[in-house]
Each structure stands twice: as structure tokens, then as C-alpha cells.
Amino acid sequence: MIRPKQLARLGEFHLEEAILDVLLEARHEDHCLGPAEISKRAGVYRERGAHNIMNDAIVQGMLNKLSDQNRVKRCEQLNNRGGWQLTDREFQHRRDDYNE
């Protein structure tokens, strides 16, 4: 039996991979993406809910974690808003997978 915390860690890993894949595709398009667009492209829940709490919180939390790991970095979107992109190191690590 897989315990709930183990399932959470597996889910977190897959969520990170989905975010990183979205950012990899965006990097090939030379785009900087905000959490809302990342959520949309990855299909992650992004609504405010009944309590009107921050939307895109799930992706924003994961971006914070990935930033702490130096896998993503801040950038400026075309609309002059803050966004995210892969670090050069993460891009090099992942780009071969993209071209397969």
C-alpha cells in the first residue's frame, strides 16, 4: 500500500515535471510565462474557489520551490509583468529530451 505522503511526493514530482515541460516549450518559443499561463498550459486547477483565495497558487508554490532549486528563474513577460523561465542549466539538461 502506498501511503498518503508517498502519493503526495509522487504527485509533486509529476507536477514539477509538467511545469518544467511547459517552460521548456516556452523557452523554444522565446517566451517568459506567468503562473496563470503555466497553469492553463499544464491543465492545473487555477480558480479562486468559494473563498476567493489566490488563483494559480498551486503552480506559484511549485515555482517557488523550483526557483529555490535553481531550476527556474524570474523573467519579464511581453506585457512587462513578472514571469518565469528555465535556468540555462535546466534548459541544457532538458533540451535533448524535447528534440527526441
Side-chain angles (χ1 to χ4, degrees):
M1 179 173 122
I2 300 176
R3 311 260 324 151
K5 285 184 180 180
Q6 292 170 316
L7 290 171
R9 282 191 293 271
L10 287 171
E12 193 173 288
F13 169 79
H14 289 291
L15 183 54
E16 288 173 6
E17 287 299 309
I19 291 167
L20 293 168
D21 282 351
V22 166
L23 290 175
L24 177 64
E25 290 178 15
R27 176 95 178 235
H28 283 285
E29 301 164 1
D30 199 29
H31 289 126
C32 171
L33 301 179
E37 185 62 24
I38 296 168
S39 294
K40 288 176 193 172
R41 291 186 185 195
V44 176
Y45 178 81
R46 59 176 311 266
E47 301 303 321
R48 290 187 171 275
H51 298 287
N52 198 24
I53 298 173
M54 180 180 136
N55 57 340
D56 305 306
I58 295 169
V59 167
Q60 183 60 61
M62 297 309 300
L63 288 165
N64 292 340
K65 179 183 177 195
L66 291 166
S67 177
D68 288 346
Q69 297 171 346
N70 295 315
R71 298 175 77 188
V72 300
K73 63 183 178 181
R74 299 290 295 174
C75 56
E76 189 174 302
Q77 299 179 68
L78 295 175
N79 61 7
N80 297 322
R81 296 182 72 181
W84 296 89
Q85 66 183 19
L86 295 178
T87 60
D88 292 337
R89 182 184 65 119
E90 189 67 26
F91 176 69
Q92 293 299 324
H93 177 74
R94 292 182 167 274
R95 74 177 182 167
D96 292 335
D97 292 342
Y98 185 82
N99 292 324
E100 289 180 353

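Positions are given from 1 along the sequence. When reading the values below, keep in mind they use all heavy atoms of this one structure, side chains included, and skip hydrogens, waters and symmetry mates.
- Here the CG atom belonging to Leu20 is positioned 9.5 Å from the CG atom belonging to Leu15, to the nearest 0.5 angstrom.
- The only option from Asp21, Val22, Leu23 that meets the side-chain contact (heavy atoms from CB on, under 4.5 Å) definition with Ile19 turns out to be Leu23.
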Could you pull out every donor-acceptor pair under 3.5 Å between side chains of residues 56-74 and any protein atom, sequence neighbours left out?
from	atom 1	to	atom 2	distance (Å)
Asp56	OD1	Ser39	OG	3.0
Asp56	OD1	Arg46	NE	2.9
Asp56	OD2	Arg46	NH2	3.0
Gln60	NE2	Asn64	OD1	3.0
Asn64	ND2	Gln60	O	3.4
Lys65	NZ	Glu12	OE2	2.3
Lys65	NZ	Glu16	OE2	2.6
Arg71	NE	Glu90	OE1	3.2
Arg71	NH2	Glu90	OE2	3.4

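- Trp84 and Ile38 get closest at one heavy-atom pair: CB-CD1, 4.4 Å.
- Atom CD of residue Gln77 and atom CD of residue Gln85 lie 11.0 Å apart, to the nearest 0.5 angstrom.
- Arg27 places a side-chain N or O within 3.5 Å of a backbone atom of Leu86 that can act as its donor or acceptor partner.
- By the neighbour-count criterion of 12 heavy atoms within 6.0 Å, atom CG of Leu78 is sparsely surrounded, having that number or fewer from other residues, nucleotides or ligands.
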Assess the residue pair Arg94 and Glu25 against the criterion (salt bridge (Lys or Arg N to Asp or Glu O under 4.0 Å)); give the C-alpha distance rounded to whole Å, side-chain angles, the decisive distance to 0.1 Å, and a yes or no.
CA-CA 10 Å; Arg94 292 182 167 274; Glu25 290 178 15; over 6 Å; no
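- Summarising the local packing, CG of Asn79 is surrounded by more than 12 heavy atoms from other residues, nucleotides or ligands at distances under 6.0 Å.
- With sequence neighbours left out, Arg41 forms a salt bridge (charged side-chain N to carboxylate O under 4.0 Å, His left out) with Glu29, Glu37.
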